[in-house]
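For reference, the structure discussed in these notes is given below.
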Amino acid sequence: MGQKKTEKNRSVNKTEKQAVKERSRTVSGILAILLGALGIQKFYRGQWKQGILCLLFFWTGIPAVVGLLEGAAFLGSDAGESETVSEPAKQKPTVE
């Protein structure tokens with residue numbers, strides 16, 4: 001009986017982690033444009049280390065420029081792309 005509970009908890013944890021990894025491109029783009037100087041979009045997407053770097057260097061203005069560029073990239077992306085931002089999948093090498 002205890003084993004069933006742990007298996008159920010593991011599946012719930014995986015689902016929650018997937019939900020955290022996948023974020024809306026639109027929300028991420030808006031955050032990047034409005035609050036990109038503070039790196040809020042980085043925290044939203046789960047990129048904690050980059051977010052902390054943005055906070056440390058916000059006074060230089062560099063994170064603000066990067067935020068504007070990221071926001072434009074997310075909002076201007078093709079409609080055919082997925083609506084969510086997720087970690088890039090590792091690609092298998094192809095043999096031609």
Side-chain angles (χ1 to χ4, degrees):
M1 188 165 123
Q3 189 177 16
K4 286 183 180 180
K5 285 185 179 181
T6 56
E7 288 177 16
K8 186 176 181 180
N9 288 341
R10 286 181 191 160
S11 65
V12 169
N13 288 339
K14 285 181 182 179
T15 306
E16 289 173 1
K17 287 179 182 179
Q18 274 184 328
V20 169
K21 287 182 182 178
E22 295 182 350
R23 299 295 184 161
S24 170
R25 293 182 78 82
T26 305
V27 173
S28 184
I30 292 170
L31 286 174
I33 290 173
L34 297 178
L35 300 170
L38 299 174
I40 301 302
Q41 77 280 9
K42 302 286 188 182
F43 291 107
Y44 176 74
R45 291 193 313 245
Q47 299 171 337
W48 296 97
K49 291 178 185 178
Q50 291 178 1
I52 291 170
L53 283 174
C54 286
L55 281 175
L56 290 174
F57 292 102
F58 81 95
W59 58 272
T60 64
I62 295 170
V65 173
V66 171
L68 287 173
L69 295 174
E70 284 183 349
F74 280 123
L75 294 176
S77 63
D78 292 347
E81 290 184 16
S82 173
E83 272 295 308
T84 58
V85 177
S86 60
E87 290 184 11
K90 293 182 180 178
Q91 295 180 351
K92 295 180 181 177
T94 57
V95 178
E96 291 183 30

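When a residue number appears, it is its place in the shown sequence, counting from 1.
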task = Check the hydrophobic clustering (I, L, V, M, F, W, Y; side-chain heavy atoms under 4.5 Å; chains of links allowed) and say if Leu68 and Ile62 are grouped together.
result =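 Hydrophobic grouping puts Leu68 apart from Ile62.
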
query = If you group Ile, Leu, Val, Met, Phe, Trp and Tyr by side-chain heavy-atom gaps below 4.5 Å, do Leu55 and Trp48 land in one group?
reply =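 In one cluster with Leu55: Trp48, yes.
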
Identify the two heavy atoms, one from [X] and one from [Y], that lie closest to each other, and give their separation to 0.1 Å.
{"X": "Gln41", "Y": "Ser28", "result": "CB-O, 3.8 Å"}
{"X": "Phe43", "Y": "Ile52", "result": "CZ-N, 3.7 Å"}
{"X": "Phe57", "Y": "Thr60", "result": "O-OG1, 2.7 Å"}

Anything under 3.5 Å between a donor and an acceptor, one on a side chain of residues 29-39, the other on a protein residue two or more places apart or in another chain? List them.
none

ask   = Who else is in the cluster with Trp59 when I, L, V, M, F, W and Y are joined by side-chain contacts under 4.5 Å?
value = none

inquiry  = Listing request: all salt bridge (Lys or Arg N to Asp or Glu O under 4.0 Å) pairs with a residue in residues 27-44, at least two apart in sequence or in separate chains.
reply    = Lys42-Glu70

